[in-house]
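Whatever order the structure lists ligands and atoms in, that order sets their numbers, starting from 1. These figures come from a predicted structure and were not determined experimentally.
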Amino acid sequence: MLRDVQEILFDEKAIAQIVTKIGKQITEDYRGKDLLLIGILKGANVFMADLMRKIDIPVQIDFMAVSSYGMSTESSGVVRILKDLEHSIAGKHILIVEDIVDTGLTLHYLMDNLISRGAASVASCTLLDKPDRRKVDVNMRYVGSVIPDVFIVGYGIDYAEKYRNLPYIASLKPEVYTK
Ligand code: IMP
Ligand code: MG
């Protein structure tokens, strides 16, 4: 796998620092509230696992899976729910946990969808933000780091379902996309 990596953008230590900082902010902002974290599978799985352990108030968790890119590196713009929540979210404070926001289409759809289910509030948290390719405006309360328009993998994030298990976040060599 390492031979496919072009550059490591965030190593394990850098990621841990970002996650700890966001966890502290969430702890302060949601103290005394009924917080439900909704992780977006599969990409946010690793981030979610680390982030929830840096939040020092009671939280509940749930997951949704939505289709985004399929096996390509371009968003289709069509969002489909592949796995839905287990319980009603009426009256709950929702924090969507995303790995990366690119065009914004996925998060925009999810926020609208969850608001329409009667949540008390819906906010979002993303580890990485790639604003260069944004197609719709989305409001993110917590952003780990803003990155340029490079396709990245690792720490849960894939290319064609590979590289999710890398403990760091890295760009791939161009030849990986063409082979
Ligand atoms: P959006 O709908 O275009 O904002 O895309 C959001 C989803 O696309 C993310 O949750 C990721 O699963 C995927 N994605 C966006 N950028 C990248 C990337 O650089 N590498 C891998 N997946 C990405
Ligand atoms: Mg993906």
Side-chain angles (χ1 to χ4, degrees), residues 1-12 14-15 18-19 22 36-52 61-85 94-116 122-179:
M1 274 199 305
L2 248 180
R3 62 163 201 266
D4 293 348
V5 165
Q6 171 118 319
E7 188 192 350
I8 295 178
L9 301 169
F10 300 89
D11 62 14
E12 288 180 73
I15 295 171
I18 292 171
V19 174
I22 298 178
L36 174 66
L37 300 175
I38 298 181
I40 309 307
L41 297 172
K42 297 172 228 170
N45 152 51
V46 180
F47 177 40
M48 177 83 154
D50 283 346
L51 180 65
M52 62 191 244
I61 66 162
D62 206 340
F63 292 93
M64 285 178 83
V66 294
S67 67
S68 55
Y69 286 20
M71 299 298 266
S72 117
T73 62
E74 285 290 314
S75 181
S76 64
V78 181
V79 181
R80 208 158 48 91
I81 294 179
L82 305 176
K83 182 218 174 290
D84 209 341
L85 300 171
I94 305 298
L95 185 60
I96 300 171
V97 178
E98 258 286 28
D99 51 355
I100 177 164
V101 176
D102 185 22
T103 63
L105 291 167
T106 308
L107 187 57
H108 180 81
Y109 171 84
L110 283 170
M111 291 190 80
D112 273 1
N113 183 282
L114 296 177
I115 288 166
S116 76
V122 178
S124 67
C125 167
T126 186
L127 179 62
L128 299 173
D129 178 16
K130 237 170 23 177
D132 290 353
R133 303 206 317 156
R134 196 63 36 84
K135 285 187 184 153
V136 287
D137 242 0
V138 277
N139 190 14
M140 289 167 286
R141 188 179 288 171
Y142 309 95
V143 174
S145 186
V146 174
I147 60 166
D149 183 15
V150 273
F151 195 82
I152 52 89
V153 297
Y155 195 68
I157 303 167
D158 74 306
Y159 169 60
E161 296 299 329
K162 284 164 67 185
Y163 311 105
R164 292 192 198 275
N165 56 323
L166 292 176
Y168 46 79
I169 293 168
S171 58
L172 291 173
K173 289 180 184 151
E175 61 260 35
V176 176
Y177 303 112
T178 46
K179 74 183 174 202

Side chain to side chain, [X] and [Y], heavy atoms closer than 4.5 Å:
| X | Y | answer |
| --- | --- | --- |
| V150 | Q6 | no |
| C125 | L51 | yes |
| T126 | L107 | no |
| D158 | K42 | no |

Taking only heavy atoms of [X] into account, list the atoms of ligand 1 that are under 4.0 Å away from them.
| X | value |
| --- | --- |
| T106 | 1 (P), 2 (O), 5 (O), 6 (C) |
| V150 | 19 (O) |
| I157 | 20 (N), 21 (C), 22 (N) |

Counting only heavy atoms, which portion of R133 has something under 4.0 Å from ligand 1: side chain, backbone, both, or neither?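 No part of R133 comes within reach of ligand 1.
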Below a 4.0 angstrom heavy-atom separation, can you tell me which part of K130, side chain or backbone, both or neither, approaches ligand 1?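 Contact part for K130 vs ligand 1: side chain (C-beta onward).
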Pick whichever of I100, I169, I147, L127 has a heavy atom sitting closest to atom 11 (C) of ligand 1.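 Heavy atom nearest to atom 11 (C) of ligand 1 belongs to I100.
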Can you find a non-hydrogen atom of [X] under 4.0 Å from ligand 1?
| X | value |
| --- | --- |
| I40 | no |
| V153 | no |
| D158 | yes |
| G104 | yes |

Are any of the N/O atoms in I152 less than 3.5 Å from those in ligand 1?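 Yes; at least one N/O pair falls below 3.5 Å.
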Please indicate whether D149 has more than 12 foreign heavy atoms, meaning atoms of other residues, nucleotides or ligands, lying under 6.0 Å from its CG.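 Enclosed: over 12 neighbouring heavy atoms sit under 6.0 Å from CG of D149.
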Do Y163 and D4 have a side chain donor and acceptor closer than 3.5 Å?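 Yes, because at least one side-chain N or O of Y163 sits under 3.5 Å from a partner of the opposite role on D4.
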